[in-house]
Amino acid sequence: MLPFLRGLIEHAHEQRKLLRALVGRRSGQKMRFKDMVLGLVREDLDRLAASWRRDAAAHCLTGALVELLAWLAEKRHPVRIDEVELQFRRSIRPVIAGLEKAGR
């Protein structure tokens, strides 16, 4: 699920300064970035369900991911990428499980 996640987190980590400009507290570009991430999430969730549930889950996951990346960009001392990815994946399990269950 969300195969692009690791690469996105790695890129965000490497480009913290740029990411801070895109999604940081003072950025006006956050919605544009969020729309791009929403497209990636929707594409991956299409195989689970094709209904309002998929769209709601995509928005939920996108919001959480963009906020996580914004938090990561603002950190003075970066957190390990694998820990960030693992924490996010653990956090989204209930959303994915609910979507899988609804798709049956």
Side-chain angles (χ1 to χ4, degrees):
M1 189 56 45
L2 307 178
F4 63 87
L5 183 61
R6 178 64 180 225
L8 185 59
I9 292 171
E10 285 175 349
H11 187 67
H13 184 293
E14 292 167 1
Q15 301 294 325
R16 282 187 307 276
K17 191 173 185 177
L18 176 62
L19 187 64
R20 210 171 13 254
L22 282 174
V23 298
R25 289 179 280 201
R26 297 183 192 121
S27 173
Q29 299 297 317
K30 194 172 197 173
M31 290 306 293
R32 188 176 277 180
F33 181 75
K34 195 172 185 178
D35 287 344
M36 185 215 44
V37 174
L38 179 60
L40 293 170
V41 172
R42 274 186 174 148
E43 194 174 299
D44 200 40
L45 296 184
D46 274 347
R47 64 185 178 80
L48 294 179
S51 68
W52 66 268
R53 287 179 179 85
R54 185 221 48 223
D55 202 40
H59 279 272
C60 179
L61 296 176
T62 298
L65 181 53
V66 170
E67 288 302 320
L68 176 71
L69 295 174
W71 169 82
L72 188 60
E74 297 288 336
K75 294 285 294 171
R76 293 237 187 265
H77 304 287
V79 181
R80 288 185 32 211
I81 295 167
D82 56 331
E83 291 178 0
V84 173
E85 180 185 12
L86 180 61
Q87 178 59 38
F88 186 76
R89 288 192 183 281
R90 284 179 178 160
S91 298
I92 67 170
R93 279 183 194 153
V95 175
I96 300 301
L99 197 56
E100 288 172 335
K101 188 175 181 180
R104 290 184 198 140

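Computed from a prediction, not measured in an experiment: that's the story for all the values here.
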* Structure fact -> NE2 of H59 to CG of L45, rounded to nearest 0.5 Å, is 11.0 Å

* Single-linkage hydrophobic cluster, 4.5 Å side-chain cutoff, L86 and F4 together -> no

* **Of all pairs that satisfy salt bridge (charged side-chain N to carboxylate O under 4.0 Å, His left out), the ones with a partner from residues 86-99, not counting sequence neighbours** => E85-R89

* Looking at side-chain heavy atoms only, is the closest gap between V37 and L8 below 4.5 Å? -> yes

* Count the heavy atoms of every other residue, nucleotide or ligand shown that sit under 6.0 Å from CD of E43, and state whether that count exceeds 12. => no

* I9 side, atom CD1; Q87 side, atom CD - distance, nearest 0.5 Å -> 10.5 Å

* **Beyond-backbone contact of D82 with R6, side-chain heavy atoms, under 4.5 angstrom** => yes

* Interatomic spacing from CD in E10 to CD1 in I81 - rounded to 0.5 Å -> 5.0 Å

* Residue pair R54 / R42: nearest heavy atoms and the distance that separates them -> CD-O, 4.2 Å

* Verdict with supporting geometry, L2 and I92, side-chain contact (heavy atoms from CB on, under 4.5 Å) -> CA-CA 11 Å; L2 307 178; I92 67 170; 3.6 Å; yes

Return a table of donor-acceptor pairs under 3.5 angstrom between the side chains of residues 61-73 and protein atoms on other chains or two or more places apart.
unit_1, atom_1, unit_2, atom_2, d
T62, OG1, A58, O, 2.7
E67, OE2, K30, NZ, 2.8

* To do: Quick one: list whatever passes side-chain hydrogen bond (donor to acceptor under 3.5 Å, both in side chains) with E14, sequence neighbours left out.
  => none

* Exercise: identify the closest heavy-atom pair between F88 and L5 -> CD2-CD2, 3.6 Å

* Hey, could you give me the SG/CG distance between C60 and D55, rounded to the nearest 0.5 Å? => 12.0 Å

